[in-house]
Amino acid sequence: GVQTCALPILTVEEVKKIIDEESLKGGNLFGKRENKENEMVIMNVAEQWLVYATDERASKITGSEKEFKTEEEALDNFITRLRALNVLKN
């Protein structure tokens with residue numbers, strides 16, 4: 001059988017499913033498009049993953065950017081922050 005870890009490793013597909021199931025808005029999951037206003041963005045640049053928030057002018061918020069060495073860590077940060085963003089909006 002497959003070894004299971006204590007913490008589930010998040011994949012892009014799982015994150016899409018969470019966004020769908022929880023109706024989370026304002027996520028840019030590796031979107032090949034311009035950033036929109038007030039969203040959480042995750043992107044892959046060179047050998048690292050970036051997660052950051054945008055403001056009401058769709059600019060990256062200074063100090064909101066976090067860099068990760070693995071996609072799993074970045075996805076975990078992204079979905080945590082996206083959930084928080086949605087709590088604030090509702």
Side-chain angles (χ1 to χ4, degrees):
V2 179
Q3 288 293 316
T4 53
C5 318
L7 281 174
I9 301 270
L10 281 174
T11 64
V12 175
E13 289 310 311
E14 285 172 289
V15 168
K16 282 181 182 166
K17 203 169 137 203
I18 292 167
I19 290 171
D20 210 39
E21 285 173 355
E22 299 181 18
S23 302
L24 299 174
K25 307 262 183 292
N28 181 349
L29 192 64
F30 302 110
K32 303 275 186 272
R33 58 167 174 77
E34 292 294 305
N35 288 341
K36 291 182 182 169
E37 302 79 34
N38 305 309
E39 68 176 3
M40 282 310 309
V41 181
I42 182 170
M43 61 193 308
N44 177 223
V45 180
E47 294 299 301
Q48 58 189 5
W49 283 262
L50 304 178
V51 180
Y52 61 87
T54 63
D55 62 17
E56 68 284 350
R57 292 194 305 269
S59 303
K60 187 190 294 180
I61 297 173
T62 311
S64 75
E65 185 174 274
K66 283 189 160 69
E67 295 176 6
F68 299 92
K69 293 272 178 275
T70 69
E71 188 178 67
E72 290 83 22
E73 287 177 297
L75 285 167
D76 188 59
N77 183 263
F78 173 79
I79 199 70
T80 301
R81 292 167 76 182
L82 185 60
R83 281 176 171 144
L85 187 73
N86 278 265
V87 168
L88 293 174
K89 281 185 174 175
N90 294 339

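In what follows, every heavy atom counts, from backbone to side chain, and hydrogens, waters and symmetry copies are set aside.
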side-chain contact (heavy atoms from CB on, under 4.5 Å) partners for Ile18, two or more places apart
Leu10, Glu22, Leu24, Ile79, Arg83
Closest approach of Ala53 and Ser64, non-hydrogen atoms and distance?
N-OG, 3.0 Å
Roughly how far apart are Ile19 CD1 and Glu21 CD, rounded to 0.5 Å?
11.0 Å
So does Lys16 pair up with Glu13, basic N to acidic O under 4.0 Å?
yes
Show the numbers, then the answer: is there a side-chain contact (heavy atoms from CB on, under 4.5 Å) between Glu37 and Thr54?
CA-CA 6 Å; Glu37 302 79 34; Thr54 63; 5.5 Å; no
Quick check on the hydrophobic clustering: are Val41 and Leu85 connected, directly or via other members, by side-chain heavy-atom contacts under 4.5 Å?
no
Show me the donor-acceptor pairs within less than 3.5 Å that the side chains of residues 29-36 make with the rest of the protein, sequence neighbours left out.
from: Arg33; atom 1: NH1; to: Glu39; atom 2: OE2; distance (Å): 3.2
from: Arg33; atom 1: NH2; to: Glu39; atom 2: OE1; distance (Å): 3.1
from: Asn35; atom 1: OD1; to: Asn28; atom 2: ND2; distance (Å): 3.4
from: Asn35; atom 1: ND2; to: Tyr52; atom 2: OH; distance (Å): 2.9

What distance do Ile42 atom CD1 and Leu50 atom CG have between them, rounded to the nearest 0.5 Å?
9.0 Å
Is there a path of hydrophobic side-chain contacts, each under 4.5 Å between heavy atoms of I, L, V, M, F, W or Y residues, that connects Val12 with Trp49?
yes
Output a table of donor-acceptor pairs, distance under 3.5 Å, between side-chain atoms of residues 67-76 and any protein atom two or more places apart or on a different chain; print 'none' if there are none.
from: Thr70; atom 1: OG1; to: Glu73; atom 2: N; distance (Å): 3.2
from: Thr70; atom 1: OG1; to: Glu73; atom 2: OE1; distance (Å): 3.0

Give me the atom names and distance for the closest heavy-atom approach of Asn86 to Lys25.
OD1-N, 2.7 Å
How close do Glu56 and Asn38 get, heavy atom to heavy atom, and via which atoms?
N-OD1, 3.3 Å
